[in-house]
Structures are given as structure tokens and as C-alpha cells.
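Everything on this sheet refers to the single structure shown next.
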2 protein chains.
Amino acid sequence: MLAEVFREHGFEGASLTVISSRTGLGKGSLYHFFPGGKAEMAACVLDGIEAWFETRMFRPLREDPDAAASLRAMLAVTDAYFRSGQRICLVGAFALGAVRDTFAQRIDAYFAAWRDAVAAALVRAGVAEALALDLAEETVTAIQGALVTASALQDPALFGRTLGRIATRLEAALAGC
Amino acid sequence: MLAEVFREHGFEGASLTVISSRTGLGKGSLYHFFPGGKAEMAACVLDGIEAWFETRMFRPLREDPDAAASLRAMLAVTDAYFRSGQRICLVGAFALGAVRDTFAQRIDAYFAAWRDAVAAALVRAGVAEALALDLAEETVTAIQGALVTASALQDPALFGRTLGRIATRLEAALAGC
DNA sequence: CAGGCTCTGTACCGATCGGTACAGAGCCTG
DNA sequence: CAGGCTCTGTACCGATCGGTACAGAGCCTG
């Protein structure tokens, strides 16, 4: 809920009035749970996102015995999480905004973790390390780009097409071992 | 100058106080030139960006007799414009923010023009239309994604690597004709 | 059932927001 | 050099910003 408010309005645009009305919590309650104010609310949302991705995507990519299957699952989970391109990536939006500096370290860590988890899965599936790193970077970059352009062009289908291209490329690398 | 303020602070974050101090124009002057206020200032910035890209990138892609060369030039111009990944795309940032709805049509038109210009150049260079559209969409998406992840990871070199991947893929399509 | 602890609504704070009004400085034209 | 037009600085507007203070409702524990 809190996450959706930041997603829809951005950090600056999500005023306490908006947050209060959307969450149904008065200011008293908000400041009781988040003494640090808006910044702590956003930090809490980032905590949730990081935990979700760590559990549902990064850890399987790093640990699933079937590395190739975990890569396919990653694309499916990505498609579901971003509602096939109808939902933006809050961390990505923060990265392009004025709050980037406030959360610089966490934003950096999120994308690095994603990229490294994909690379680790590729390596475990037998792909050479240099190629794995290259493909992982391209994967994360393409997903973020698709979220920007799908939103800009109001064309959610673009997201699916991008995931399709990534899938083809990952499969080719896996088959080429 | 005005463009840089919006780039650094976002639309919501660029308050009149910030705009005034950064441009050296008092409120009186700002409202003399932009009676429509902040929204008109942002619209003016978008005008400038659109005109710049139309002249320096989209038109050459559509009209340059040497279509293949115009595609290579597009990547070089892109690298220069975004300062090799150290500068973000204001239109992309707007697309992920709360102002997206205010400028929806222009944001849409900007990305559509870019994609269609790349596709047109590819077709004129002899690439089949379906493949050209696919490659054009991937190109624009990858560039936007690279701007997000380069900013997030504070790794400008990522931008150059992404442009390199795009170049390889475009050259392959051109060679395959 | 008394005490205290968690939670909440309300009233309020100074600061800043985007925007307006307007006098006048400066310059350009007749 | 008079008139008017462009531009600018300043003072001010109501609204909203993020945040604080605090009384008290409600509940849980001894």
C-alpha cells in the first residue's frame, strides 16, 4: 500500500496528506510507526522490496540446483511482479530522481544483487564467466529499459517482447555450453 | 540550464526557488516568460529536447542517403548527448514519475519517433521490416535501461558497454542483408 | 480494576510551495 | 526627449508542506 503510493506519486509527490489518506493512517499513527518521517517510510518500502526479491529471485538464482530452470523462473517472476509492464520499478524510479542520493547505497545494492545473481546462475549452468557477466548486465538493463519505454509508450506488451528477447538470448547461451 | 534543473531535481523537486536561483531569474522574470508557470517551463524544456533530437538524430535516420552510417552516427550522438551515461534522459525520468500523465502525449511521441526513425533507417539499409521494428524497439529500450542502471550502479561505463552491444547487433542485421 | 503501554485524531508549528500584483528600471522607437 | 514596451525585484497571497505535541481512547497485564 505504502509502496504503491510511492510508485504512483514518486518520493516528492507522495505528500503526507496523500500517504495518510491512501493508507488510512492519521499523521499520529504514521509518526508513531515511522518516527523518521517520510524517509523512514520509503526506507521501509525498500526493505520490503529487497526482501521480496532476495527470497523470490536472487536466492533461487544463486542456490537452485537447476540453474537453467531458475533463470526461466526469474523471467516469469519478473513478468508477474511488474504486472507485464503495467507497474514500474520503484528502485529504478528512485535511481532517476532526486532521492537517488538519499538511497544511493541501497539502489546500487539492489541492481548489483540482481545482476550478480543472474550471472551466478549462468556460471552454474556452465556459461563462461565473462559471457555470464555480460548477459546478466544486459538482462537487468533490458528489463529496466522495458519498464521505462512500456510506461512511456503506454504499451505494456513491449515488456513481454523484451522478456522474450532476453529468454532467447539466455537459452542460446545455455545451449551453447 | 532550465533543463538541467529538471534533470537534477525532477519536476516536483524543482521548486521555483531552485529554478530561480539556478537560472538567475527572479520570479517576476520567470512568470513573464512562462505565464503558465512551472508546467510551461517543463513544456519549453521538452520542446528543446524534441527539437534537438529531431534535428540531430531522427531526421538523419530518416533521410540520410547512407542509412547504415546514420545508424552508427545515432549511437555516437547518443553517447555524446548522455555524456556516456553520466546524464539521464529527462523524458524517461518524466515517464516514470507523477508528471507522466501531464506530458503523456509528448513522452509517447518522443519514444515512438526515436524507435520509428531507427526502424526506418534499418529498412532503408535493406533490413526486413519485421526485424527492423524489433531491433529498433530493442535499441531504444536498451538505451533507456542503460541510463537507469548506469545511474543506479553509479557505473557510467555500463552505458558504453550497452551501446557496444547494440552496435554489434545492428551491424549483424546490416551485414545479413 | 488499576496502571501503563500502544496507538490515534486533532490542533498546531514554521517553512516553503506555486503564483500574483505592481511599481519602476531600462531601453528602444518615433 | 516623450511614450510605451520589455523585463525585473519585491512584497505579498492562500495553500500545503513535513513534522510536533498531546490528550485521550482502547486494550493488555498484574
Worksheet item: Would you say His32(B) reaches dT8(D)'s phosphate, i.e. side-chain N/O to OP1/OP2 under 4.0 Å?
Response: no

Practice prompt. Counting heavy atoms from C-beta on, name the nucleotide in dC7(C), dG19(C), dG19(D) closest to the side chain of Phe33(A).
Written response: dC7(C)

Practice prompt. Remember a base hit wins even if backbone is also touched, and classify Ala39(A) as base, sugar-phosphate or nothing at under 4.0 Å, heavy atoms.
Written response: nothing

Worksheet item: Rounding to a whole Å, what distance do you find between Leu25(B):CG and dC7(D):P?
Response: 11 Å

Item to complete: Output yes when a side-chain donor or acceptor of Thr55(B) lies under 3.5 Å from a complementary backbone atom of Trp52(B), and no otherwise.
Response: no

Discussion item. Using only modelled atom types and a 3.5 angstrom limit, is any donor from either the side chain of Lys27(A) or the base of dG9(C) paired with an acceptor on the other?
Written reply: no

Discussion item. Please verify the inter-ring angle class for Phe82(B) with Phe53(B); under 30° counts as parallel, over 60° as perpendicular, anything in between as tilted.
Written reply: tilted

Worksheet item: Could Asp134(A) and Arg169(A) be called an ion pair, given the rule that one side-chain N must be under 4.0 Å from one carboxylate O?
Response: no

Worksheet item: Given that Gly28(B) and Ala14(A) both sit by DNA chain D, which one's nearest nucleotide is further toward the 5' end?
Response: Gly28(B)

Worksheet entry | Atom-to-atom span, OH of Tyr31(A) to P of dT20(D) - whole angstrom | 6 Å

Worksheet item: Does Ser15(A) make a side-chain N or O approach to OP1 or OP2 of dT16(D) shorter than 4.0 Å?
Response: no

Worksheet item: How many Å lie between NE2 on His9(A) and P on dC17(D), as a whole number?
Response: 11 Å

Worksheet item: Does any nucleotide pair with dT16(C) by Watson-Crick or G-U wobble geometry, both distances under 3.5 Å, and what is it?
Response: dA15(D)

Discussion item. When both hydrogen-bonding distances must be under 3.5 Å and the geometry is Watson-Crick or G-U wobble, what is dT10(C) paired with, if anything?
Written reply: dA21(D)

Item to complete: Kindly assign one of parallel, tilted or perpendicular to the pair Phe94(A) and Phe6(A), based on the angle between their ring planes and the thresholds 30° and 60°.
Response: perpendicular

Item to complete: Mind calculating the distance between CG (Leu30(B)) and C1' (dT8(D)) to the nearest angstrom?
Response: 10 Å

Discussion item. Please name the nucleotide paired to dA2(C) by Watson-Crick or G-U wobble geometry with both distances under 3.5 Å, or report none.
Written reply: dT29(D)

Worksheet item: Are any of Ser29(B)'s side-chain N or O atoms less than 4.0 Å away from OP1 or OP2 of dC7(D)?
Response: no

Worksheet item: How many Å lie between CG on Leu16(B) and C1' on dC17(D), as a whole number?
Response: 15 Å

Worksheet item: Is it true that a side-chain atom of Arg100(A) and a backbone atom of Ser151(B) form a donor plus acceptor pair closer than 3.5 Å?
Response: yes

Worksheet item: Can you check the Phe34(A) CZ to dG19(D) C1' distance for me, whole Å?
Response: 15 Å

